[in-house]
Student: 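This structure is in structure tokens; I'll ask about it shortly.
Everything numeric here is computed off the predicted structure, so don't read it as measured data. Hydrogens, waters and symmetry mates play no part in the numbers below; they use all other heavy atoms, side chains included. Chain letters run A, B, ... following the sequence lines, proteins first, then strands; residues in each count from 1.
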Amino acid sequence: MPGVFSQRTAFMSRYSAAEIESRWQEAWNKAGVFTASHKTDRPKYYVLEMFPYPSGRIHMGHVRNYTMGDVIARYKISTGHNVLHPMGWDAFGMPAENAAMAIGGHPKTWTYDNIADMRGQMKPLGLSIDWSREFATCDPEYYGQQQALFLDMLQAGLVYRKNAVVNWDPVDMTVLANEQVIDGKGWRSGADVERRELTQWFFRISDMAEELLEALDGLENWPAKVRLMQENWIGKSRGLQMTFDLTAPAHGQDGIEVYTTRPDTLAGASFMALSTDHPLSRALEADNPDLAAFNAACRKMGTSEVELEKAEKRGFDTGLTVRHPLYPDQTLPVWVANFVLMDYGTGAIFGCPAHDQRDLDFARKYDLNVIDTFVALDDDTRVQNTAFVPPKTEKVRWIDQPAGLDVATGQEAIDATIDWAETKGLGTGKTQFRLRDWGLSRQRYWGCPIPVVHCATCGVVPEKKENLPVRLPDDVSFDIPGNPLDRHPTWRDCACPSCGAPAKRETDTMDTFVDSSWYFARFTAPRAETPTDMDEAEYWMNVDQYIGGIEHAILHLLYSRFFARAMQITGHLPKKAIEPFDALFTQGMVTHEIYQTRDERGRPVYHLPEDVTDGRLADGTEVEIIPSAKMSKSKKNVVDPVSIISAYGADTARWFVLSDSPPERDVEWTAAGAEAAHRHLARVYRIVDEIVGADTGPQADDETLLREMHKAINDVTLGVESFGFNAAIARLYAFTNTLAKSGAGKAARLQAARALAQLMSPMTPHLSEEIWSRLGGEGLVATAPWPVADPAMLIDDTVVLPIQINGKRRAEISVPKDMPKDEVEKTALAVDAVQRALDGAAPKKIIVVPGRIVNVVV
RNA sequence: GCGGGCGUGAUGGAAUGGUAGACAUAUCAGACUUAAAAUCUGAAGGGCCUAUGCCCGUGUGGGUUCAAGUCCCACCGCCCGCACCA
């Protein structure tokens, strides 16, 4: 029973985050507030943050990501939704193998230990997660279902095998990921990387290019920039496919087929270029050792697009010539060039140096013709060392246009030229996509085994579903480079699922992007004996709000969209889940200053934030401060959430990562900012204590405070719903100041403070529970209904209107909120400053924007 | 190289085309204290200045508009992605 003594103790007490936070976390667990079940009438809401890779330590980026999801989840609980908010681990991948190679141990042990550590670091944050649904992608129960999914996709014709090139390290005798190729050399061996062709598994994502592109329009709650990035990635273009006839047949070929998106510039063609991997280019190697050497040299290089694009443009003249399609008496030389991609179009292009910078650089280097086909409308300067490449929507004057155009835009010319070429039988219009099929094979151990068997008689045979999961063997070692599955003595041996004869397992494992392409669906029924449970999927899908980093804007999200379609085709997801993420939010990074000194040889030495005070090390050495960089272990500009939580509490960390910066932008972690956040929470605690201990009746200020309360409810609600967390927090600061200074009576202040507790509860759930209970709130604030603003309390009776003269603010007037426009005009004209500016003349124009502004033009 | 984004006080940032700088940090002044911390109160974009007055000001240069941080064009700088990192 609360008596004088307990009130006194409350008044004397101080904000102790550690004690408060563990107590309320226990209360939530006990009440099972966050366990999701669909046996309820409330509308469902599925909120998901991109699941983490278990590196072993959570970082501030995780704290920010999960706090944002938590704010949404808690807000939705308060507004009467049945919320699903799960968490899992994207647990396969190279770091576990790298760790095994570097420090010994087993990837599995390393991974599960890390998961345990990270779960332990995450739980103190007080996230509203349904931990009963947790899984890791390296659990056989998960990857076994993924194998089942793969077999269904194989049967549905969504998977196939073909040859593809990989980065090959000739010293370590292993396949390298692009990130393991540094300046064209293997990161461990330092050897020059080569391209090597292997037979690999592919998903037919490019068959869905058109649909994946068109469906982007429906994703209204995705950031426009992500949709645009995906659109450009899919890269639909309409162009012309045509054949350039060889002047003399070569290797049984009469001509070379090219695809171009700029057929309108055909007259400017001055050479033809083949990819080093083009069939003709390979065929020519046989009788041209110099070309063979050239091609071999070009292949000594990584496979990443950046590397290919940035490499010095080099070419080799094959000596072959083709006839110019427009001018059959002219011939063009055929080159092999290292910048032509075999993966796009036909692996052969015609070069038009005047209107393509890369072609121009190539032409200047090898002294090829530069032929202008069009010039600007008002400037007929010819191309020198900068190609003339105006936007396709700009009108230009044509010098030589196949379809006979004079003045037209690039796009008009392209369309006209395709029609013209089709009529003349020179070529056919063709739609081409940049999107390539998704190669999923990885020559690595720590991934989901591809469940197929290679049989001498039956060929490639799918494993039987009853034999799933195909488990990874535990007895492997990482002391020799290469895939341990390849050299395992017994794991590869199995019976052919078709004929029963001795056969060999596939040793490639799946790209980890496969794991993350359907985990959101698995969360709806994480223990199901099939990949998904259609009833649960029907109920919970789609993800109503997905939150993660912009770095996933293309690959992960595109692959997930593909999987949702593939899972629908194979009967694992309902039709409604064809676009699995209704709304997407991409949050920014957490950054920190870098503290740097130099060693005696001038190389940078980095220092941890805790070792630097006022720009100096403990020994007085001044450090150089590099502002605002992504937190990275190697730069030592990391702040460990665990130490922040133990110093200030989870609520402080949560409050800080949400304040200051808009969620989609980077936020800079500063010690001062964290302290300020903590001071504010302590202040809220004190103010509540003071209110609870107060003893005043109704006051004149009551209405003012309650009006402010309703405005705060309105603004914070809008802020939370629109991901304006920083603005919502700024509003909460302002409302706290108002509450602290208010002369209202106890009842009004209690009411306002309870609203404050509720409005803060998505961000600082523990402190909010604590003050909610002190203020006499009923039950848990976590489940209390969200406060609703009274519209009548939001509008003040009078408004202050700024008066502009010629667009510059010169005065202001205070008028009743519903004063008619003409009276506002009259009042504005009567103002001294306006009278002075008019100087007796009549105003040229008066603009009155009701409730906003008045502008007088003189 | 290609694709996408961002740029506002000393600092993080706010601002449905409508009073630029909310809110916070740092700073300064005052109160309380033997003192410090904490707390509370207040000041503050730059400049001219007696100012309730004027000029300048959202990376740079142009444009649209009664009105531009916001829309358009060009440029500069920084960040992200580029298909085997997750």
Side-chain angles (χ1 to χ4, degrees), chain A residues 50 52-53 55 90 92-95 164 166-167 175-181 200 205 223-226 228-233 235 302-311 313 339 343 357-358 434-444 511-513 515-516 549-556 558-559 586 588-589 591 627-630 656 659-662 664-668 670 672-673 675-677 679-680 682-683 686 724 726-727 729-734 737 740-741 800-804 806-812 832-833 844-847 849 851-857:
Chain A
M50 291 179 186
Y53 179 78
S55 61
D90 189 12
F92 275 133
M94 291 201 309
V166 293
N167 300 308
V175 175
L176 298 177
N178 283 338
E179 73 155 16
Q180 296 174 313
V181 179
Q200 308 209 60
I205 188 172
K225 65 176 171 186
V226 174
L228 186 58
M229 284 161 86
Q230 293 220 350
E231 184 183 326
N232 289 333
W233 185 263
T303 58
S304 79
E305 195 179 320
V306 202
E307 214 176 329
L308 296 175
E309 290 285 339
K310 280 194 168 172
K313 307 295 172 266
F339 61 85
D343 288 326
Q357 189 60 43
R358 193 164 52 181
R434 207 184 73 98
L435 181 66
R436 310 198 294 258
D437 276 338
W438 168 15
L440 67 123
S441 293
R442 297 293 181 270
Q443 295 69 40
R444 278 180 248 286
D511 178 5
T512 55
F513 270 121
D515 312 337
S516 56
I550 185 73
E551 66 274 20
H552 294 293
I554 296 173
L555 294 180
H556 163 60
L558 191 62
Y559 291 159
T586 53
M589 296 181 302
T591 64
S628 203
K630 180 177 183 169
F656 179 73
S659 61
D660 273 17
S661 278
E664 68 274 15
R665 247 194 274 177
D666 293 350
V667 65
E668 169 135 328
T670 60
E675 276 164 29
R679 272 206 305 274
H680 176 73
R683 180 169 180 239
R686 274 198 312 276
N726 57 325
I729 284 182
R731 195 63 190 76
L732 286 167
Y733 270 107
N737 290 337
K741 289 174 192 173
V800 175
L801 289 184
I803 309 294
Q804 292 184 333
N806 292 340
K808 291 196 175 198
R809 185 187 168 282
R810 283 291 183 261
E812 57 185 37
D832 278 356
K844 280 189 190 148
K845 198 171 181 182
I846 304 176
I847 292 106
V849 184
R852 301 300 307 222
I853 206 164
V854 179
N855 190 12
V856 182
V857 185

Student: Return the nearest nucleotide to the side chain of R810(A); candidates are A83(B), A38(B), C54(B).
Tutor: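 Output: C54(B).
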Student: At 4.0 Å (heavy atoms only), tell me whether A672(A) reaches a base, stays on the sugar-phosphate, or touches nothing.
Tutor: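 The residue A672(A) makes sugar-phosphate contact but no base contact.
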Student: Under 4.0 angstrom, heavy atoms only, what part of the nucleic acid is H552(A) near: base, sugar-phosphate, or nothing?
Tutor: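 If one applies the 4.0 Å heavy-atom cut-off, H552(A) turns out to touch a base.
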Student: Using both distances under 3.5 Å as the test, list the Watson-Crick or G-U wobble partner of A43(B), or none.
Tutor: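 Its partner is U27(B) (Watson-Crick or G-U wobble, both distances under 3.5 Å).
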Student: Which nucleotide wins on minimum distance to the side chain of V175(A), given the candidates A86(B), C84(B), A14(B)?
Tutor: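 Within the option list, the nearest is C84(B).
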Student: Checking contacts here: which listed nucleotide (G18(B), C84(B), C82(B)) is nearest the side-chain heavy atoms of Q804(A)?
Tutor: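 Looking only at heavy atoms from C-beta outward on Q804(A), the closest nucleotide is G18(B).
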Student: What contact category does K225(A) fall into here, base, sugar-phosphate, or nothing, at under 4.0 angstrom with non-hydrogen atoms?
Tutor: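 Sugar-phosphate contact only.
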Student: Base, sugar-phosphate or nothing for Q230(A)? Non-hydrogen atoms, less than 4.0 Å.
Tutor: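 Nothing, no heavy atom under 4.0 Å.
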Student: Between A20(B) and A14(B), how far apart are the C1' atoms? Round to whole Å, please.
Tutor: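 Taking atom C1' in both A14(B) and A20(B), they lie 9 Å apart.
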Student: Under 4.0 Å, heavy atoms only, any strand: does R683(A) hit a base, just the sugar-phosphate, or nothing?
Tutor: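 If one applies the 4.0 Å heavy-atom cut-off, R683(A) turns out to touch the sugar-phosphate alone, with no base involved.
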Student: Going by an N to O cut-off under 4.0 Å, is there a salt bridge joining E305(A) and R436(A)?
Tutor: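 Result for this pair is no, no salt bridge flagged.
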Student: Identify whether any heavy atom of N232(A) sits under 4.0 Å from a base atom; if not, whether one sits that close to sugar-phosphate; answer base, sugar-phosphate or nothing.
Tutor: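 Sugar-phosphate contact only - N232(A) comes under 4.0 Å of backbone atoms but never of a base.
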Student: Report the distance from atom CG of D90(A) to atom CG of D515(A), rounding to the nearest 0.5 Å.
Tutor: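 Nearest 0.5 Å value for the CG-CG distance: 6.0 Å.
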Student: Give none if U60(B) has no partner; otherwise give the nucleotide forming a Watson-Crick or G-U wobble pair with it, both distances under 3.5 Å.
Tutor: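 Pairing partner, where one exists within any strand: A74(B).
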Student: Quick one: label G673(A) by what it contacts on the DNA or RNA (base, sugar-phosphate, nothing), any heavy atom closer than 4.0 Å.
Tutor: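 No contact at all - G673(A) keeps every heavy atom at 4.0 Å or more from the nucleic acid.
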Student: For a 4.5 angstrom cut-off between non-hydrogen side-chain atoms, does Q200(A) reach V166(A)?
Tutor: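 When only atoms from C-beta onward are counted, V166(A) and Q200(A) do touch, with a gap below 4.5 Å.
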Student: Evaluate the ring planes of F513(A) and H556(A), with Trp represented by its six-membered ring, and classify them as parallel (under 30°), tilted (30 to 60°) or perpendicular (over 60°).
Tutor: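 It falls in the parallel class, under 30°.
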Student: Pick base, sugar-phosphate or nothing for K741(A), based on heavy-atom distances below 4.0 Å to the nucleic acid.
Tutor: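 If one applies the 4.0 Å heavy-atom cut-off, K741(A) turns out to touch the sugar-phosphate alone, with no base involved.
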Student: So what does S659(A) touch, heavy atoms closer than 4.0 Å: a base, only the sugar-phosphate, or nothing?
Tutor: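 Result for S659(A) = nothing.
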Student: Identify which nucleotide among C6(B), U39(B), G18(B) has an atom closest to any side-chain atom of I847(A), counting heavy atoms from C-beta outward.
Tutor: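 So the nucleotide nearest the side chain must be G18(B).
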Student: With a non-hydrogen cut-off below 4.0 angstrom, is F339(A) in contact with a base, only sugar-phosphate, or nothing?
Tutor: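 The answer is nothing, as F339(A) stays clear of every strand by at least 4.0 Å.
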Student: When you get a sec, tell me which of C82(B), U39(B), C84(B) is the closest nucleotide to the side chain of Y559(A)?
Tutor: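 Of C82(B), U39(B), C84(B), C84(B) is nearest to the side chain of Y559(A).
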Student: To the nearest Å, how far apart are F513(A) CZ and C84(B) P?
Tutor: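 Whole-Å distance recorded here is 8 Å.
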Student: Nearest to the side chain of M229(A) - U19(B), A26(B), G4(B)?
Tutor: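 The closest nucleotide is G4(B).
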